[in-house]
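Okay, structure first, notes after.
Numbers here simply count residues along the sequence, with the first being 1.
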Amino acid sequence: MSAEFPRWEHLSSRHGDLPAPGESTQQTSALIADLDKDGTNDFVLAFRQKGPALVWYRRRAGGWDRYVLEKDYLPIEAGGAAYDIDGDGDLDLVFGGDYQSDEVWWWENPYPHFDPRQPWRRHLIKKGGATQHHDQVFGDFKGLGKPQLAFWNQGAKTLFLADLPADPRHTEPWPYVPIFSGAAGERGDRGQFVYAEGMAAADIDGDGKIDLLAGNYWFKHLGGNSFKPIRLAAMGGRIAVGRFKPGKYPQVVIAPGDGVGPLKWFECVGDPQDSAAWIGHPLLNRDVIHGHTLQVADFNGDGHLDIFCAEMAKWHEAQTQPDNPKATAWIFYGDGQGHFTTTELVVGEGFHEGKAGDLDGDGRPDILNKPYNWDTPRVDVWLNKGSGERR
């Protein structure tokens with residue numbers, strides 16, 4: 001007996017199903033997290049071009065309420081991460097500046113005192129140096145018993161690692177060190193991208209320690225602030241980790257983010273520190289066009305991980321027509337043995353930083369999307385309604 005594909009209920013701010021995000025037509029980031037500790041996920045959207053820079057969609061019975069977290073204009077880049085930075089038991093937020101900014105910030109969660117009109121307090125993590133900080137992730141990459149913050153700085157072509165200060169509310173900026181510099185898959189097979197991107201955290205080599213993945217590398221911690229980069233693939237981009245078939249090590253999925261290239265999953269058939277041991281398997285018979293959405297979840301509840309990837313429809317701000325009018329969002333349903341059934345969720349809608357997570361508290365992973373500048377301002381949710389069983 002195998003699970004059928006789920007039914008989806010599509011909600012959109014275009015139809016009044018959710019509050020409109022704001023006035024900005026350049027929507028840069030989306031993040032799913034339970035910010036009010038009620039046991040149900042909320043989500044946050046980030047913008048540039050004009051304020052507000054951050055809004056929080058707080059889940060309530062049957063819908064969402066919109067709260068402004070950062071009322072001012074900030075040039076926020078794609079990425080973002082949630083973690084309890086100040087140790088008070090609630091999730092705080094991290095976002096970085098784009099090509100116009102040399103800063104990275106965190107916002108202090110005021111739980112339980114929430115006011116839709118009261119922005120959250122912003123703190124500085126980085127100031128100075130090069131601009132653009134596309135992607136951040138938390139993980140205990142040094143095995144210290146507490147996580148560090150890893151972030152890209154594309155203007156410097158460098159990956160930085162920051163230790164959380166003992167008193168983060170009164171420490172600006174944080175101490176951080178470079179752990180990698182150079183190309184990271186932005187000029188891979190058929191993919192010609194402007195910059196390296198993508199980050200994830202997972203135990204890649206099975207030693208019990210969380211590893212950092214970024215671009216087309218995973219990074220083996222050697223001690224202190226020293227890391228060995230191991231090349232996973234020719235192309236970097238959006239990157240995710242899961243177990244799609246039995247094996248000693250997890251598998252890795254890479255999609256082209258801000259560019260065009262193949263969508264592949266990679267398995268290790270030998271020593272994970274040997275680049276030649278990572279074998280790629282294509283998921284499509286065509287290239288993905290600006291596949292800036294890549295997520296891993298069990299969407300149909302059969303106990304096997306699936307892969308969600310979606311294309312952008314528009315990325316050039318100055319033009320009115322879509323760059324990619326037939327942009328496609330796919331779900332690849334896995335069977336747990338390394339095989340996938342390809343399905344299309346929707347064609348002709350632009351995705352950017354789409355995320356998977358349970359947004360209505362029913363235990364099933366839903367899909368959140370905010371396009372970058374296709375039909376913006378706009379936010380969409382696909383609620384997973386589940387399915388019956390077929391024999």
Any chance the side chains of Gln27 and His352 put a donor and an acceptor closer than 3.5 Å?
-> no
Rounded to the nearest 0.5 Å, what separation is found between the CG atom of Leu45 and the CG atom of Leu368?
-> 6.5 Å
Mind checking whether Phe47 and Val381 sit in one hydrophobic cluster, side chains of I, L, V, M, F, W, Y counted as touching below 4.5 Å?
-> yes
Quick one: do the His316 and Asp323 side chains pair a donor with an acceptor below 3.5 Å?
-> yes
Got a sec: does the CG of Asp115 have more than 12 other heavy atoms crowding it under 6.0 Å?
-> yes
If you measure from CD on Gln49 to CG on Leu74, what distance do you get to the nearest 0.5 Å?
-> 14.0 Å
Ring pair (Phe, Tyr, Trp, His ring centres under 6.0 Å) between His292 and Phe351, intermediate numbers included | CA-CA 7 Å; His292 209 289; Phe351 279 70; over 10 Å; no
Return yes if some donor-acceptor pair links the side-chain N/O of Asp17 with the main-chain N/O of Ser12 below 3.5 Å, else return no.
-> yes
Stepwise salt bridge (Lys or Arg N to Asp or Glu O under 4.0 Å) check, Glu349 with Arg378 | CA-CA 11 Å; Glu349 295 199 6; Arg378 173 176 179 155; 3.6 Å; yes
Salt bridge present between Arg14 and Asp375 (N-O < 4.0 angstrom) = yes
Would a distance-only check, ignoring hydrogens and angles, find a side-chain to backbone donor-acceptor pair under 3.5 Å from Thr171 to Pro165?
-> no
Determine, stepwise, if the pair Lys126 / Glu103 fulfils salt bridge (Lys or Arg N to Asp or Glu O under 4.0 Å).
-> CA-CA 5 Å; Lys126 171 191 178 284; Glu103 298 184 353; over 6 Å; no
Trp107 and Phe95 aromatic ring geometry - parallel, tilted or perpendicular at 30°/60° bounds = perpendicular
Between Gln118 and Tyr67, do the side chains contain an N or O donor and an N or O acceptor separated by less than 3.5 Å?
-> no
Minimum heavy-atom separation for Trp105 to Gly96, with atom names?
-> CZ3-C, 3.6 Å
Is there a donor-acceptor contact under 3.5 Å from the side chain of Asp102 to the main chain of Lys127?
-> no
May I ask you to establish whether Lys355 and Phe43 are in a cation-pi arrangement, using a distance under 6.0 Å from NZ or CZ to the six-membered ring centre and at most 45° from the ring axis?
-> no
For Arg48 and Asp98, run salt bridge (Lys or Arg N to Asp or Glu O under 4.0 Å): C-alpha distance rounded to whole Å, both residues' side-chain angles, the deciding distance at 0.1 Å, then the answer.
-> CA-CA 9 Å; Arg48 62 184 179 196; Asp98 67 4; 2.9 Å; yes
Just wondering, do Asp140 and Gln148 contact through their side chains at under 4.5 Å, heavy atoms?
-> yes
Would you say the side-chain atoms of Asp358 pair up with the backbone N or O of Pro365, donor to acceptor, closer than 3.5 Å?
-> no
With distance as the sole test, does Gln319 use its side chain to make a donor-acceptor pair with the main-chain N or O of Gln321 at under 3.5 Å?
-> yes
Please answer whether the main-chain N or O of Val379 pairs with a side-chain N or O of Ser13 as donor and acceptor at a distance below 3.5 Å.
-> yes
Side-chain ion pair, Arg238 and Glu353, N-O less than 4.0 Å = yes
Looking only at heavy atoms, what is the nearest atom pair of Gly270 and Ala277, with distance?
-> N-CB, 3.7 Å
dist Lys248:NZ -> Arg243:CZ (nearest 0.5 Å) comes out at 11.0 Å
The residue among His304, His281, Glu267 that forms side chain to side chain donor-acceptor pair (under 3.5 Å) with Lys245 is Glu267
Ring centroid separation Phe244 to Phe340 under 6.0 Å = yes
Hey, is the main chain of Ile331 close enough, under 3.5 Å, to the side chain of Thr343 for a donor-acceptor pair?
-> yes
Distance-only polar pair, side chains of Lys220 and Gln273, donor-acceptor under 3.5 Å = no
Could you check whether the rings of Phe299 and Phe308 sit parallel, tilted or perpendicular, using 30° and 60° as the cut-offs?
-> perpendicular
Short question: side chain of Glu311, backbone of Ile289 - any donor-acceptor pair under 3.5 Å?
-> yes
Would you call Arg169-Asp167 a salt bridge at under 4.0 Å N-O?
-> no
Just by distance, with hydrogens left out, do Asp36 and Tyr111 show a side-chain donor and acceptor under 3.5 Å apart?
-> no
Using a strict cut-off of less than 4.0 Å between a Lys/Arg side-chain nitrogen and an Asp/Glu carboxylate oxygen, indicate whether Lys209 and Asp203 qualify as a salt bridge.
-> no
Could you verify whether a donor N or O on one side chain and an acceptor N or O on the other, from His221 and Asp211, lie under 3.5 Å apart?
-> no
Kindly state whether the ring of Phe219 and the ring of Phe227 have centres lying under 6.0 angstrom apart.
-> no
Identified side chain to side chain contact (heavy atoms under 4.5 Å, CB included) counterpart of Trp218 within the set Leu212, Ile239, Val241, Ile230 = Ile230
So do the side chains of Trp152 and Met199 get within less than 4.5 Å of each other, counting heavy atoms only?
-> yes
Do the side chains of Leu93 and Trp106 get nearer than 4.5 Å, heavy atoms only?
-> no
Are Trp278 and Pro272 side-chain neighbours, meaning at least one heavy-atom pair lies under 4.5 Å?
-> yes
The reported gap from CH2 in Trp120 to CZ in Arg122 (rounded to nearest 0.5 angstrom) is 14.0 Å
Any donor-acceptor N/O pair, Gln136 side chain to His133 backbone, under 3.5 Å = yes
Salt bridge (Lys or Arg N to Asp or Glu O under 4.0 Å) partner of Asp65, chosen from Arg117, Arg60, Arg58 | Arg60
Is there a side-chain contact between Lys157 and Ser181 (heavy atoms, below 4.5 Å)?
-> no
Check whether any side-chain N or O of Thr158 sits under 3.5 Å from a backbone N or O of Ala156 as a donor-acceptor pair, and report yes or no.
-> yes
Kindly indicate, with the supporting measurements, whether the criterion salt bridge (Lys or Arg N to Asp or Glu O under 4.0 Å) is fulfilled by Asp163 and Lys142.
-> CA-CA 10 Å; Asp163 289 296; Lys142 297 196 288 186; 3.1 Å; yes
With Arg59 as reference, evaluate Leu35, Leu359, Asp42 under the side chain to side chain contact (heavy atoms under 4.5 Å, CB included) test and give the passing residue.
-> Asp42
Identified side chain to side chain contact (heavy atoms under 4.5 Å, CB included) partner of Asn109 from the options Asp90, Asp84, Asp86 | Asp90
From Gln295 atom CD to Asp306 atom CG, the distance as rounded to the nearest 0.5 Å = 12.5 Å
Can you measure from CG (Asp366) to CH2 (Trp8) and round to the nearest 0.5 angstrom?
-> 6.5 Å
CD (Glu23) with more than 12 external heavy atoms under 6.0 Å | no
Does atom NZ of Lys146 have more than 12 heavy-atom neighbours, drawn from other residues, nucleotides or ligands, at distances under 6.0 Å?
-> no
State, with a plain yes or no, whether a side-chain heavy atom of Asp258 is found less than 4.5 Å away from one of His134.
-> yes
Could you walk me through whether Glu77 and Gln132 pass the side chain to side chain donor-acceptor pair (under 3.5 Å) test, one step at a time?
-> CA-CA 7 Å; Glu77 178 58 283; Gln132 193 176 33; 2.8 Å; yes
